[in-house]
Amino acid sequence: MTVQLNTQQQVDQAETVLRLSWVIVFGVILFSVFTVTPLVERSTPAGWEWSAPILPLVVDVAVVISIRVDAIVARLGGSTTGWPLALRVLTGGASVALNVGNSVLDGDWVGALVHTAAPAVLIVVAEASLKWRREIAAASTRIEAERREQEDARRREIREREERARADREREQEARREEHERQEAAERERRREEQAEREREREHAARVAREEREHAAQLEAAREDRADARHREEQERQARERKAEADRRDRERREQEDARKAKEAERDRKAAEARRAPVAAVSPAVSTPRPAVSATVSDDAPAKLPEAQARQAVIDGVSAGRSQREIAALTGWSTGWVAKRVLELGEAA
């Protein structure tokens, strides 16, 4: 049953156990030195017997070195055939021959068989060690490959995890960036709305202020128009009053002038009648009352009343049924003025 080495710990344990083979190798070499030395001493010149242990030691060490080098080459993936194989066969055969040579020369075949065991064990242990080391090297290579694969897988997993983490971070950053942009857009929109609202409020305030100014201007214009109208009315009223006063004064002046002319005409008429009286015959019905009227007008004419009293006298005379001449004689105003006042009373009635 073949046991496969699957972990580095098992490989290390196998290496540790394989190192114990050096105990066997050391024991076999020591035994070979003791066995081969008498044989070498037989063929060694006198005085050189001390060099006899060198030969078995060199041969057995050559066996061990050849197998050990083959193990190293095998671990490195090199070839152990050809001259390495010839070296192993040569050193192994020499070791067997040296160990059994003394017994064969003595004709002791049982001793020869017994002394064959040591080199045989050395050769088998060396070859087995070579096989074991190849297996251990293969296992180490396989375990190293598996370790590298696991390490690669772990690195790939770590890299994938890092990439996923980086992708998650990038997504989070992108989400945060989008959220930040969305918030900035919302903030800009809010600011635009606030700006638009402030603009609308300013426009509304400006419109209200403009309307108030226009209304105030309209009120001021209306007030000024009313003031102008009142001023014009006042001016027109004053102009009418001045005109009426001028007309009244002109009328009074004309009436006074008419009265003066009438008086002068009456005096002239009386003077002419007085001059004609002795020669002209006058009808009693016509001539008799004239001196009375003339006397009334010329001699007994009262002073001119103020306008207000004269107007009241006109009203009283009309109510009493007096004639315009009588009213003119009572007030001292002209008959034309009295006639106009009577006409005004008639229109008012």
field: Between Glu179 and Gln183: side-chain donor-acceptor atoms closer than 3.5 Å
entry: yes

Report the distance from atom [atom1] of [X] to atom [atom2] of [Y], rounding to the nearest 0.5 Å.
{"X": "Arg198", "Y": "Glu193", "atom1": "CZ", "atom2": "CD", "result": "11.5 Å"}
{"X": "Arg154", "Y": "Arg147", "atom1": "CZ", "atom2": "CZ", "result": "9.5 Å"}
{"X": "Glu184", "Y": "Arg177", "atom1": "CD", "atom2": "CZ", "result": "10.5 Å"}
{"X": "Arg156", "Y": "Glu162", "atom1": "CZ", "atom2": "CD", "result": "14.0 Å"}
{"X": "Arg210", "Y": "Glu203", "atom1": "CZ", "atom2": "CD", "result": "9.5 Å"}
{"X": "Gln324", "Y": "Ser334", "atom1": "CD", "atom2": "OG", "result": "10.5 Å"}

query: Between Glu151 and Arg148, is a salt bridge (charged side-chain N to carboxylate O under 4.0 Å, His left out) present by the stated rule, with each step listed?
result: CA-CA 5 Å; Glu151 184 68 20; Arg148 285 196 299 271; over 6 Å; no

Chi angles and distances behind the side chain to side chain contact (heavy atoms under 4.5 Å, CB included) call for Trp337, Arg311: CA-CA 10 Å; Trp337 183 84; Arg311 287 177 178 273; 4.0 Å; yes

- request: Tell me, with the steps shown, if Val318 and Arg322 meet side chain to side chain contact (heavy atoms under 4.5 Å, CB included).
  value: CA-CA 6 Å; Val318 171; Arg322 291 189 180 93; over 6 Å; no

Could you state whether [X] and [Y] fall into the same hydrophobic cluster, counting links through intermediate Ile, Leu, Val, Met, Phe, Trp or Tyr residues with side-chain heavy atoms under 4.5 angstrom apart?
{"X": "Ile65", "Y": "Leu57", "value": "yes"}
{"X": "Val100", "Y": "Val36", "value": "no"}
{"X": "Ile315", "Y": "Val338", "value": "yes"}
{"X": "Leu55", "Y": "Leu90", "value": "no"}
{"X": "Trp48", "Y": "Val58", "value": "yes"}

field: Residue pair Thr37 / Pro53: nearest heavy atoms and the distance that separates them
entry: OG1-CA, 3.6 Å

Member of Glu194, Gln195, Glu189 meeting the side chain to side chain donor-acceptor pair (under 3.5 Å) criterion with Arg192: Glu189

field: salt bridge (charged side-chain N to carboxylate O under 4.0 Å, His left out) between Glu197 and Arg200, intermediate numbers included
entry: CA-CA 5 Å; Glu197 183 65 23; Arg200 288 193 295 271; 2.5 Å; yes

task: Please test Glu201 against His204 for side chain to side chain contact (heavy atoms under 4.5 Å, CB included), starting from the C-alpha separation and ending with a verdict.
output: CA-CA 5 Å; Glu201 290 178 356; His204 178 69; 5.5 Å; no

message: side chain to side chain contact (heavy atoms under 4.5 Å, CB included), that's the test. Do Asp316 and Ile327 meet it? Break it down for me.
response: CA-CA 9 Å; Asp316 294 339; Ile327 294 172; over 6 Å; no

- prompt: Would you find a donor on one side and an acceptor on the other, under 3.5 Å apart, between the side chain of Trp109 and the backbone of Val104?
  reply: no

task: Might you work through the salt bridge (charged side-chain N to carboxylate O under 4.0 Å, His left out) test for Glu307 and Arg341, ending with a clear yes or no?
output: CA-CA 11 Å; Glu307 184 178 359; Arg341 300 290 85 79; 5.6 Å; no

message: Quick one, Arg161 with Glu157, criterion salt bridge (charged side-chain N to carboxylate O under 4.0 Å, His left out). Give me CA distance, side-chain angles, the key distance, then yes/no.
response: CA-CA 6 Å; Arg161 188 164 55 249; Glu157 184 179 356; 3.6 Å; yes

